[in-house]
Student: 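Structure in structure tokens, see below.
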Amino acid sequence: MSFVFAGLFTPFHYQFFNNGIIVATIAGALCGLLGVFVVLRGMSYIGHGLSHAVFGGAAASAVMNINYFVGAGVWGVASGVIIGRIARRRLIGADAAIGVVTTASFALGLALLNRYGQAKKSIEAVLFGSVLGVKTIDIVAVSAVAILSVVIVVALYRAFLFATFDPEVAQVSGVRVAWIEALLMGLLSLTILVTMRVIGTLLISALLVIPASVARMLTNSFARMLWISPIIGAVSAFTGMYLSYFLDTSASATIILTGTLMFIVVYAVTGLRGRTRISGLHHI
Amino acid sequence: MIGEVLVECAHMSCAYNSTLAIKKIDFTIRKGDFVGIVGPSGSGKTTLLKAILGSIVPVEGHVTKKPHLRMGYVPQVETVDWNFPVTVLEVVAMTRSSTGRLPRVTKDERADALLVLERLGLGGLENRHIRELSGGQQQRVFVARALFHRPELLVLDEPTSGVDVRTRHEVLHLLADLHDEGVSIILSTHDLNGLAAHLPRLVCLNSEIIADGSPVEVLTPEVLEQTFGAPMEVLIHGGMPVVVDGVGADIAERMSRFG
């Protein structure tokens, strides 16, 4: 019996796993927090596109031998701000514009890695995430972005709430909506940047959407969503990462599947009430 | 006595992309005004309100506002996301977002908000989700949010659009009370008989200002045809103009066959 119990702790004997699970858990909480704004503003597609845009920056910085966080960070934040502007101004069809900008960035990254990179291995690591490459700097980076996000969301809570609920009236009432949106897109870009190595480009948008959607089914309060969603994100990331060791599956895929399972359970348990609440979310 | 000027639009034109929505209008709102803007869909009513609020910048001319003018805006209820997770109290307290530093509504703000809600007949509903309210209550929540900002000028976009007769009466009485208390009001409306005819001042707009005056001066068949592009008749009932849709005789005759 004690042998089985001891076996449950086996993964924690490996430093790479400990690093990975710490980054994944903080990333889950962080994505859960920012995911609240993503789902309530109908920005799920932007989150998806942004992760593809950051991929371009990651590839370019690898090829040009620039530090990943610097190269992909500048690229990602710039893409985030541009996407935010496009979505807000609706100059041309926002979905089409975002699709073009982000997939072009993604394709450029892919082409750069094909031509100059270490080809398949690094592409797979960026697309699907990898716990093997997680270093102390990743823990520091994800923690720093998480702390920054919490501080900003708490300090500007009301402005964020007003600008999310009713941007036009918020603007008239003195809230600098364009600034708030740029800030949000910047945080979103940084989040994708620091979590991409573990979760991967293709699955990160799910981590932004699922915890917040589950939280929305559980509560009618914006303030409560802001702490329920990070908890769900952290729990699904921790559990998914842990299970992936025993199931010998991709960590990011297991994290997303764990989150999806939570979504299905909450959807079933909350019944009509939960479905009514979630029915108003855009683009889920 | 003529009140001080709160907002002055001089030769103002506004456009979306290259299409002019309003052209070279001259328009003034003074303290104590209660103005209704009427006109067909696409006539520039909402654009005019947004230019006054400052969310649209004129492409020609300018808008001058009294320094530090406090404005409250009540948008069309159709534009509100009723599924958004907020309570009545949170909606009302939102307008202090640019000054409120604490995430939670403070004790003083809560007391102020409850006073406004009580004043609008929404006492006891502060912790309800906004979707759980009736149409009239929902409209009043947004008026409460605007009033929480203690506005000198209240701007309302189609406040009676899509509401039933009882709610329309509630809104009209509420606005009349606020006006009596010194709040200047400008609103846009499609509702000629239910709302516009009751206001002291009406502006007929169709990209340009067609007429500006009291309902008796403005609601005439000529002005209405010029504004709406359709014939209308005006009857006087109890000293107030009543607009009757001038449906052509042939259509009336065709409809009567189904009666």
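Note on naming: letters A, B, ... go to the chains in the order of the sequence lines (proteins, then strands), and numbering restarts at 1 for each one. The figures that follow rest on heavy atoms only: side chains count, while hydrogens, waters and symmetry mates do not. Predicted model only: the values in this text are computed from it and were never measured.
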Student: Heavy-atom distances under 4.5 Å only: say whether Thr87(B) touches chain A with side chain, backbone, both or neither.
Tutor: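 It is neither, since no heavy atom gets under 4.5 Å.
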
Student: How about Phe84(B) and Thr164(A): do any of their side-chain heavy atoms sit closer than 4.5 Å?
Tutor: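 Yes, side chains in contact.
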
Student: Do Arg145(B) and Phe162(A) have side-chain heavy atoms sitting under 4.5 Å apart?
Tutor: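 SC-SC contact between Arg145(B) and Phe162(A) confirmed.
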
Student: To the nearest 0.5 Å, what is the distance between CG (Leu40(A)) and CG (Asp81(B))?
Tutor: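 It comes to 8.0 Å.
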
Student: Give every donor-acceptor pair under 3.5 Å between a side-chain atom in residues 139-152 of chain A and any protein atom, sequence neighbours left out.
Tutor:
{"residue": "Ser143(A)", "atom": "OG", "partner": "Ile139(A)", "partner atom": "O", "Å": "2.6"}
{"residue": "Ser149(A)", "atom": "OG", "partner": "Val145(A)", "partner atom": "O", "Å": "2.8"}

Student: For Lys24(B), I'd like to know if atom NZ has over 12 heavy atoms of other residues, nucleotides or ligands within 6.0 Å.
Tutor: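 No, NZ of Lys24(B) has 12 or fewer neighbouring heavy atoms, counting only those of other groups under 6.0 Å.
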
Student: Could you tell me if the side chain of Phe142(B) sits less than 4.5 Å from the side chain of Val169(A), heavy atoms only?
Tutor: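 No, their side chains stay 4.5 Å or more apart.
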
Student: Does atom CZ (Arg176(A)) have a neighbourhood of more than 12 heavy atoms from anything else shown, all under 6.0 Å?
Tutor: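 For Arg176(A), atom CZ is not crowded (no more than 12 foreign heavy atoms under 6.0 Å).
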
Student: Using the side-chain hydrogen bond (donor to acceptor under 3.5 Å, both in side chains) criterion, which residues pair with Thr258(A)? Sequence neighbours excluded.
Tutor: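 So Thr258(A) forms no side-chain hydrogen bond (donor to acceptor under 3.5 Å, both in side chains) with any residue.
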
Student: Is any side-chain heavy atom of Glu168(A) less than 4.5 Å from a side-chain heavy atom of Tyr73(B)?
Tutor: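 Contact flag for Glu168(A)/Tyr73(B) side chains = yes.
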
Student: What part of Asn220(A) gets closer than 4.5 Å to chain B, counting heavy atoms only: side chain, backbone, both or neither?
Tutor: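 Both parts, backbone and side chain.
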
Student: By a 4.5 Å heavy-atom criterion (distance strictly below it), what part of Val80(B) contacts chain A: side chain, backbone, both, or neither?
Tutor: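 Side chain of Val80(B) only, per the 4.5 Å heavy-atom cut-off to chain A.
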
Student: Could you check if a side-chain atom of Pro85(B) sits within less than 4.5 angstrom of a side-chain atom of Arg216(A), using non-hydrogen atoms only?
Tutor: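 Yes, their side chains come closer than 4.5 Å.
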
Student: By a 4.5 Å heavy-atom criterion (distance strictly below it), what part of Val155(B) contacts chain A: side chain, backbone, both, or neither?
Tutor: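 The answer is neither part of Val155(B).
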
Student: Is it the backbone or the side chain of Arg70(B) that comes under 4.5 Å from a heavy atom of chain A, or both, or neither?
Tutor: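 For Arg70(B), neither part sits under 4.5 Å from chain A.
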
Student: Hey, are the side chains of Val86(B) and Ser221(A) touching, using non-hydrogen atoms and a 4.5 Å cut-off?
Tutor: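 No. Closest side-chain heavy atoms not under 4.5 Å.
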
Student: Answer with side chain, backbone, both or neither: which region of Ile130(B) has an atom nearer than 4.5 Å to a non-hydrogen atom of chain A?
Tutor: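 Only the side chain of Ile130(B) comes within 4.5 Å of chain A.
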
Student: Taking Glu109(B) first and then Arg158(A), would you say they form a salt bridge - that is, a charged N and a carboxylate O separated by under 4.0 Å?
Tutor: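 Arg158(A) and Glu109(B): salt-bridged.
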
Student: To the closest 0.5 Å, what do you measure between CG (Leu161(A)) and CD (Glu90(B))?
Tutor: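 Separation between the atoms: 6.0 Å.
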
Student: Count the heavy atoms belonging to other residues, nucleotides or ligands that lie under 6.0 Å from NE2 of His62(B), then report whether that count exceeds 12.
Tutor: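 Yes - once you tally the heavy atoms of other residues, nucleotides and ligands closer than 6.0 Å, there are more than 12.
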
Student: Side chains of Val172(A) and Lys50(B): closer than 4.5 Å at any heavy-atom pair?
Tutor: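 Of all side-chain heavy-atom pairs linking Lys50(B) with Val172(A), none is under 4.5 Å.
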
